Amino acid sequence: MSERLFAVLGEFENPKALLDAAVKLRTRYPGRLDAYTPYPIHGLDEALGLRRSPLAGMVLVMGILGTATAFLFQWWMNAYDYPIVVGGKPLVSWQAFVPIMFEVTVLFSAFTAWLGAVLLLCRLPGLWHPMLSSRSMAMLTRDRFALSIEAQDQDLDPSSAQKALKETGALETEVVAFPPAPKPASLTLILVLAGAGALACVFAGLAAYWTIKVFPKLPPMSRMLRQPRLDAQRSSALFADSAGFAPVPQGTVARGNLPYPFKTPEEAAGLANPLPRTKAVFAQGRSKFDTVCRVCHGPLADGKGTLTKAYGASPADLRTKRYQAFPDGSIYHTIMAGKNTMPSFAKTLTEDERWAVIHYLRGLQRAGDAKDSDLP
Ligand code: HEC
């Protein structure tokens with residue numbers, strides 16, 4: 001026989017016959033059996049004596065590699081190449097790396113699963129298989145089940161293989177040879193295709209260029225570039241020395257931010273609350289107290305806030321006699337300057353808000369120590 005033998009094929013009536021034959025022939029032709037069926041058949045892998053697919057292992061290895069890659073990449077950027085402390089956290093805050101590690105793991109695993117199955121295991125871009133030249137092929141996609149004994153470049157006597165298949169119940173047998181090798185693609189065709197590809201790239205590039213740069217109606221995001229403005233380190237005609245950014249003249253005060261001269265609560269004690277005790281002021285004071293002071297001093301200003309223990313300091317109980325007698329100005333100073341572990345809230349609250357909080361605080365003090373005469 002001049003043609004190279006690919007396999008000897010036996011057709012079976014139903015899946016059961018196929019499975020039985022596979023089990024019987026497995027020991028005689030180890031590693032050389034393959035099956036062709038119109039739909040997946042359970043138990044066929046074991047009957048053929050096939051190993052488990054290596055795909056799961058490949059995915060595991062690549063998944064671990066993905067996790068490691070993401071971790072190392074983030075470590076390299078955040079702790080080594082460009083270390084920046086964010087919010088006082090350590091440079092290698094692995095908890096913050098987890099989302100990206102998770103995503104890269106999924107990315108690596110998914111690509112491995114897909115490419116591994118399609119390219120490596122199913123050899124997909126190759127759309128050709130010697131079996132496709134078999135005459136049984138049309139039946140095998142409908143209602144026949146075939147078992148093949150492959151030659152695999154070893155000695156395989158077709159007639160004895162055919163006999164073995166018949167003995168195990170094959171209805172028909174067929175000897176499948178490798179079809180003649182396809183002609184290699186001609187050089188001209190390759191050159192024409194490459195030229196067409198290159199030309200398409202050039203056209204795509206020109207089209208993109210014309211759309212973005214030349215087509216006048218579509219300047220991408222250029223309006224911000226065209227506004228009158230002063231770029232950093234550029235000169236300007238505004239000042240005599242043509243400096244773009246002049247230093248702030250000495251003694252400059254920003255609008256609404258008069259300098260605060262006091263250094264101690266005692267010095268500030270003389271300040272008087274300029275706000276009237278109206279419902280609106282109390283409402284504002286309550287809203288600000290609840291957003292700013294409450295976490296530490298508690299909703300009733302009795303020092304039982306949520307942050308107390310975690311914070312490692314016990315905030316003052318502001319309802320005691322001592323703080324009832326504490327002047328408004330001194331509370332104002334505490335808000336402005338803070339005290340020990342209590343930070344300054346000069347930037348958080350406006351002047352009016354500070355005074356409103358103080359009115360509200362006075363209300364809380366009185367509510368915590370109410371007398372009969374306070375009742376309406
Ligand atoms: C982050 C927690 C925290 C917040 C928020 C906070 N405080 Fe305090 N506050 C403290 C602690 C702690 C003390 C006790 C400080 C000390 O005596 O060492 C204190 C003390 C005080 C005192 C007494 C100061 C003194 O001289 O004895 C006043 C008054 C006060 N706070 C008012 C306020 C007001 C008003 C707010 C809201 C604008 C506020 N605090 C927000 C933690 C806080």
Side-chain angles (χ1 to χ4, degrees), residues 78 83-96 252-376:
N78 293 335
I84 294 180
V85 175
V86 180
K89 296 182 196 71
L91 290 173
V92 186
S93 301
W94 63 268
Q95 293 91 335
T252 308
V253 173
R255 267 168 184 266
N257 284 285
L258 280 177
Y260 180 74
F262 305 114
K263 296 273 179 298
T264 63
E266 291 74 32
E267 272 178 43
L271 290 174
N273 197 334
L275 297 186
R277 271 191 280 177
T278 60
K279 221 171 165 182
V281 167
F282 269 100
Q284 187 190 27
R286 174 176 192 167
S287 144
K288 289 297 156 189
F289 183 90
D290 281 352
T291 33
V292 180
C293 323
R294 179 180 167 152
V295 267
C296 296
H297 288 284
L300 302 175
D302 53 3
K304 298 203 177 80
T306 16
L307 209 60
T308 318
K309 281 207 193 82
Y311 192 60
S314 48
D317 176 355
L318 298 179
R319 300 198 312 190
T320 53
K321 289 262 160 348
R322 168 168 151 70
Y323 289 112
Q324 288 183 18
F326 205 56
D328 280 1
S330 301
I331 302 181
Y332 188 87
H333 182 84
T334 313
I335 300 176
M336 287 298 285
K339 186 181 181 198
N340 298 330
T341 44
M342 172 173 159
S344 154
F345 292 102
K347 296 233 167 61
T348 321
L349 300 172
T350 64
E351 189 179 340
D352 277 0
E353 287 167 349
R354 286 173 222 135
W355 288 117
V357 165
I358 292 169
H359 269 324
Y360 180 67
L361 189 57
R362 292 295 186 213
L364 286 177
Q365 286 176 340
R366 184 127 171 230
D369 191 16
K371 304 189 179 47
D372 283 352
S373 56
D374 285 329
L375 290 171

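Numbering of ligands and ligand atoms starts at 1, following listing order. This structure is a prediction, so every number in the text was calculated from the model and none was measured. What's counted below: heavy atoms across the whole structure, side chains too, no hydrogens, waters or symmetry copies.
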- Proximity of R322 to ligand 1 by residue part, where a heavy atom lies under 4.0 Å: side chain
- Mode of F289 contact toward ligand 1 - side chain, backbone, both, neither (heavy atoms, under 4.0 Å): neither
Spacing of [X] atom [atom1] and [Y] atom [atom2] [to the nearest 0.5 Å]:
X    : Y    : atom1 : atom2 : answer
D374 : R366 : CG    : CZ    : 4.0 Å
K339 : H333 : NZ    : NE2   : 10.5 Å
I335 : L361 : CD1   : CG    : 7.5 Å

- Item | Donor-acceptor contact below 3.5 Å, side chain Q324 vs main chain R319 | yes
- Message: Can a donor-acceptor pair be found, under 3.5 Å and without considering hydrogens, that links the side chain of S287 to the backbone of A283?
- Response: no
- Should the pair W355 and Y332 be assigned to parallel (<30°), tilted (30 to 60°) or perpendicular (>60°) ring geometry? parallel
- Message: I'd like to know: is atom 8 (Fe) of ligand 1 within the 2.8 Å range of an N/O/S atom from M342, strictly under that distance?
- Response: yes
Among [options], closest by any non-hydrogen atom to [atom]:
atom                    : options                : value
atom 1 (C) of ligand 1  : C296, G285, A301, S314 : C296
atom 22 (C) of ligand 1 : T264, L318, D290       : L318
atom 12 (C) of ligand 1 : V295, T334, V292, T341 : T341
atom 26 (O) of ligand 1 : K288, M336, H297, K339 : K339

Provide the number and element of each atom of ligand 1 under 4.0 Å from a heavy atom of [X].
X    : result
Y323 : 23 (C), 25 (C), 27 (O)
I335 : 35 (C)
N340 : 16 (C), 18 (O)
F326 : 25 (C), 26 (O)

- Partner of H297 under side-chain contact (heavy atoms from CB on, under 4.5 Å), chosen from D317, V292, L318: L318
- Message: Tell me whether R354 at atom CZ has more than 12 heavy atoms from other residues, nucleotides or ligands lying less than 6.0 Å away.
- Response: yes
